[in-house]
Amino acid sequence: MIIDTPRQDEILKQPHRIEKDLLGYLAVPAEAYYGVQTQRALENFVLTGVPLAHFPKLIIGLAMVKKAAASANFDTGHLEARHLEAIHYACDCLINGQYHEQFVVDMIQGGAGTSTNMNANEVIANIGLEYLGHAKGAYEHLHPNNHVNMSQSTNDAYPTAIRVGLQLSHAELVDSLALLQEAFASKRDEFHDVIKMGRTQLQDAVPMTLGQEFGAYATTLGEDIERIAGMYDLLREVNLGGTAIGTGINADPLYADLAVAHLSHVCGHPMRLAADLIEATSDMGAFVLFSGMTKRLAIKLSKICNDLRLLSSGPRTGFNEINLPAQQPGSSIMPGKVNPVIPEAVNQVAYQVVGNDMAITMAAENGQLQLNVMEPLIAYKILESMRLLRRAMDMLRERCVVGITANRERCLDLVNQSIGLITALNPYIGYDNATRIARTALETGKGVLELVREEGLIDDALLEEILKPANMVNPRRLMV
């Protein structure tokens, strides 16, 4: 989605309304539910072309925070019942997916997220005004700042909304990860009897099964399911009620606890109030840790995809141990070529996530004193990483992993031809003999087993027993 920014001269030629803020009067499109401060941000920040609407869970998080804040303000006696009803109606509309197109501000913006907060305040106010029977912009009846933003600052409402949005996105990310892990586990079972050579430093190592190889992928991804869940607990601590810098100025003493309790009920997650609101207002540590977790997952996915590309390489001049599902022709000039496009795309997603993590790291470090003004970038890159990882994992599972097949005969041939077989014989013929046999095999092109038989180093019956797949790929007692 690209932001189409209406300039003042264009707006004035169309139906519009005039709104006023600190800097004066400005025209706003008549049909817009956002207001003057959002319009200024639209004209100021034409950067990524990615508006808030690109991340629905962030909008829902904003609406949940505003709804909880209104409930707390009503509980303390500072918000009238008619205003509460209108704000709740507007927030419920947003939570249900309506009016998201009205969130038009660029994800990257100056002001520590003030433009995002005001975009939400203005949209909620104007939806509420129509609910009360008034025209958009009639803020004397329901005001974006006085009512919707009551007892709040961007500095507590915005980071709280980000955390809620991440909580709401958690299930989608974990579900995609769990499904991918299950797909690899299924291949582990399917390939349990496919004997092949393991490799270290891209050189022949010792035999294993293809099932063991795919099982390792399932295991490493399964570890991250639990770790991501653990990271989300860090994001449940919020500074809602701290207002500008954590001192709680302009908020009732009872407000913070009430607001967080209402928020937990609205979003369905046990949010908790930070013990030190001043620290919580400036600290980005939870975002840094969570971003690091997304980077860890991205690196694991990329490593797995590198392996899939190697294992399927060829088909005539590469490893050719597995077949990836063909998804599209691979060349405009080379007939018959099919590329591993799905793993290649996941690799590129991983690199983007790693870059996002670096941007988040720098943004977190660059906060000064009581606030980090770089939060918009942090929010943008965390949400983008989660979205990219979810889509990449779904794509990898659906278009690649579930359709992978094994080239069983090719795998077995490579085992039989490999110098690595000598490792299994080492305990029986000794290291010196094993080294000499390996060198001779390399120099003459003869097979290891052929040379062992020629020299009569092991009885054929024992050799056959040693080389049984089950005996080569699992720990076992030495046979005598």
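Residue numbers start at 1 and run along the sequence shown. Everything numeric here is computed off the predicted structure, so don't read it as measured data.
Using a 4.5 Å heavy-atom threshold, the side chains of Pro51 and Glu101 count as separate. Side-chain contact between Asn356 and Ile382 is absent, with no heavy-atom pair separated by less than 4.5 Å. Looking at heavy atoms from C-beta onward, Phe55 lies in side-chain contact with Val50 at the 4.5 angstrom threshold. In this structure, the side chains of Val36 and Lys20 stay at 4.5 Å or more apart for every pair of heavy atoms.
A donor-acceptor pair is defined here as one N or O able to donate and one able to accept, closer than 3.5 Å; such a pair exists between the side chain of Ser176 and the backbone of Glu172. Checked by atom type and distance alone, the side chain of Asp106 pairs as donor or acceptor with a backbone atom of Gly49 at under 3.5 Å. Here the side chain of Lys66 pairs no donor or acceptor atom with the backbone of Ala120 at under 3.5 angstrom.
The aromatic rings of Phe184 and Phe214 lie tilted to each other, with the angle between the two planes from 30° to 60°.
Between Phe103 and Tyr34, the distance separating the two ring centers is not shorter than 6.0 angstrom.
Side-chain N/O atoms of Asp75 and Tyr255 include no donor and acceptor closer than 3.5 Å. Glu43 and Gln39 share a donor-acceptor pair across their side chains, judged by distance under 3.5 Å alone. Side chain to side chain, Asn306 and Asn347 meet the donor-acceptor criterion of an N or O pair below 3.5 Å. Thr281 and Asn239 form a side-chain donor-acceptor contact under 3.5 Å, judged by distance and modelled atom types alone. Judged by distance alone, the side chains of Asn73 and His83 never bring a donor and an acceptor atom under 3.5 Å apart. In summary, the side chains of Glu321 and Asn323 do not present any donor paired with an acceptor at a separation below 3.5 Å, with no hydrogens or angles considered. Under 3.5 Å, the side chains of Thr220 and Lys300 contain a donor-acceptor pair of N or O atoms.
To the nearest 0.5 Å, atom CZ of residue Arg17 and atom CD1 of residue Ile11 are 10.0 Å apart. If you take NZ on Lys295 and CG on Leu389, they are separated by 13.0 Å, rounding to the nearest 0.5 Å.
For the pair Arg163 and Tyr232, the cation-pi criterion (under 6.0 Å, within 45° of the ring axis) is not fulfilled.
Shown are Ile162, Leu94, Thr116; of these, the side chain to side chain contact (heavy atoms under 4.5 Å, CB included) with Leu62 is made only by Thr116.
The pair Arg397-Asp394 counts as a salt bridge, with a side-chain nitrogen and a carboxylate oxygen less than 4.0 angstrom apart. Using a cut-off of 4.0 Å between Lys/Arg side-chain N and Asp/Glu carboxylate O, Arg296 and Asp357 are scored as not salt-bridged.
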